[in-house]
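To start, the structure under review is shown below, and the notes come after it.
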Amino acid sequence: MIIKTAKFLKSSSKLSECVKSHLPEFAFIGRSNVGKSSLINMLCNNYKLAKISASPGKTKLINHFVINDNWYLVDLPGYGYAKTSKVQKIEFEKIIIEYCSKRDNLVCLFVLIDSRLPLQQIDAEFLQWCGEKEIPFSIVYTKADKNSKNELRKNIAKIEEKLLLVFSELPNSFITSSEKNIGKDELLNFIGGYIQ
Ligand code: GTP
Ligand code: MG
């Protein structure tokens, strides 16, 4: 899969505002600051496409990007940011739950997990919820540049051990770094398998 064009289309505050389309769609979700927007930019080779911030809670809406005029990438707000007000948290959760469970043209939800941390409770709960709702998802481990290869392997093995307490088999997964362009071809090839 080669990305020739990537254009911002629209920001939506709820599912009903999202573009009505049958084109295949791939969305990125995960804890605030895990690297969703950075990953979209890496895939599209455009470091100004999705807004990135060192402080969590940057992406607050459902952002649609049109790729090659025939499929979509979607940047979603992060979940689980402690400093967000309670009201805003509930708002974000509503947006996320509605979008993930009801978006008909969603082909795969990429759930981003920080490769440096132990599996966080909120990630485990979210992944379990995806499983229960039968939402097609893959795990994307982010920030793989920050640890040595050995530490990375050990940490992911620990996460997988925990995942096997919830899932009968390991979900599909990718290892990525937006900083070092790791995992780009694998992700694009995976997506390409669904695009005509
Ligand atoms: P919200 O929109 O706030 O939910 O965050 P997000 O998940 O979109 O994260 P974002 O892409 O804005 O990145 C958050 C921070 O992590 C920024 O400071 C990025 O530069 C950094 N970051 C993202 N990906 C990587 C990566 O692969 N490696 C390293 N070292 N830093 C990264
Ligand atoms: Mg973001």
Side-chain angles (χ1 to χ4, degrees), residues 3 6-14 18 25-65 67 72-100 108-117 119-127 129-130 137-153 155-156 159 173-188 190:
I3 294 191
K7 291 172 267 187
F8 170 71
L9 180 70
K10 145 169 221 210
S11 294
S12 314
S13 66
K14 51 180 180 249
C18 291
E25 185 158 307
F26 299 82
F28 294 79
I29 186 104
R31 278 184 316 117
S32 217
N33 219 238
V34 70
K36 301 175 289 296
S37 303
S38 305
L39 195 70
I40 288 179
N41 290 348
M42 168 183 83
L43 293 177
C44 298
N45 250 336
N46 178 345
Y47 295 90
K48 289 186 178 153
L49 193 65
K51 293 202 179 79
I52 292 172
S53 167
S55 46
K58 179 72 184 171
T59 310
K60 295 194 167 69
L61 297 163
I62 302 169
N63 294 300
H64 273 80
F65 300 91
I67 314 298
Y72 298 112
L73 277 181
V74 178
D75 194 10
L76 292 168
Y79 54 70
Y81 175 44
K83 285 191 186 146
T84 316
S85 75
K86 246 190 184 161
V87 175
Q88 206 172 33
K89 239 189 218 168
I90 293 168
E91 253 335 283
F92 280 7
E93 275 169 22
K94 264 205 304 208
I95 298 175
I96 291 168
I97 286 171
E98 196 192 22
Y99 172 86
C100 296
C108 182
L109 182 67
F110 292 111
V111 183
L112 276 59
I113 306 270
D114 193 321
S115 68
R116 302 163 302 168
L117 304 176
L119 183 64
Q120 306 288 294
Q121 174 82 10
I122 193 158
D123 291 327
E125 282 171 11
F126 186 76
L127 288 167
W129 178 79
C130 289
F137 72 92
S138 290
I139 292 176
V140 175
Y141 295 104
T142 64
K143 309 193 184 183
D145 55 284
K146 289 218 170 173
N147 274 342
S148 70
K149 274 202 176 131
N150 201 23
E151 281 170 325
L152 180 71
R153 203 168 32 81
N155 209 28
I156 291 180
I159 294 175
S173 68
F174 300 90
I175 295 175
T176 68
S177 158
S178 305
E179 199 99 324
K180 295 254 165 79
N181 261 346
I182 298 169
K184 182 175 177 176
D185 292 345
E186 289 80 357
L187 268 173
L188 287 177
F190 174 82

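Starting from 1, each residue takes its place in the sequence as its number. Whatever order the structure lists ligands and atoms in, that order sets their numbers, starting from 1.
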| request: Consider every N or O of Ser55 and every N or O of ligand 1, then say whether any pair is closer than 3.5 Å. | output: no

| said: Considering non-hydrogen atoms of the protein only, which is the closest contact for atom 6 (P) of ligand 1, and what is the distance? | reply: Lys36 N, 3.5 Å

| task | Could you grab the distance from atom SG of Cys18 to atom NE2 of His64, nearest 0.5 Å is fine? | result | 4.5 Å

| request: Would you tell me which option among Ser177, Gly183, Ser115, Ala54 has the nearest heavy-atom contact to atom 18 (O) of ligand 1? | output: Ala54

| note | When distances are taken from atom 30 (N) of ligand 1, the protein heavy atom at minimum range is Asp145 OD2, 2.9 Å

| When you look for heavy atoms under 4.0 Å from ligand 1, do you find them on the side chain of Ile52, its backbone, both, or neither? | both

| message | To check your reading of the model: name the closest protein heavy atom to atom 2 (O) of ligand 1, its residue, and the distance in Å. | response | Thr59 OG1, 2.7 Å

| Counting heavy atoms only, which part of Lys146 comes closer than 4.0 Å to ligand 1: side chain, backbone, both or neither? | side chain

| task | Would you mind listing which atoms of ligand 1 come within a distance below 4.0 Å of any non-hydrogen atom of Ser178? | result | 24 (N), 26 (C), 27 (O)

| Atom NZ of Lys10 with >12 non-hydrogen neighbours under 6.0 angstrom | yes

| said: For atom 15 (C) of ligand 1, tell me which residue out of Pro77, Gly35, Gly78, Ser53 has the closest non-hydrogen atom. | reply: Ser53

| task | Everything protein-side that's N, O or S and under 2.8 Å from the Mg ion (ligand 2): list it, residue and atom. | result | Ser37 OG, Thr59 OG1

| Within-cut-off N or O pair, Ser37 and ligand 1, under 3.5 Å | yes

| message | If we only consider heavy atoms of Thr142, is any one of them less than 4.0 Å away from an atom in ligand 1? | response | no

| said: Just to confirm my output: which protein heavy-atom neighbour is closest to atom 23 (C) of ligand 1, and how far is it? | reply: Ser38 OG, 3.1 Å

| said: For atom 5 (O) of ligand 1, what is the closest protein heavy atom, and at what distance to 0.1 Å? | reply: Asn33 N, 3.0 Å

| said: How far is atom 32 (C) of ligand 1 from the closest protein heavy atom, and which atom is that? | reply: Lys143 CE, 3.9 Å

| message | Using a 3.5 Å distance criterion without hydrogens, assess whether the side chain of Ser37 forms a donor-acceptor pair with backbone atoms of Lys51. | response | yes

| query | Once you round to the nearest 0.5 Å, how far does CD1 of Ile67 lie from CG of Leu9? | reply | 10.0 Å

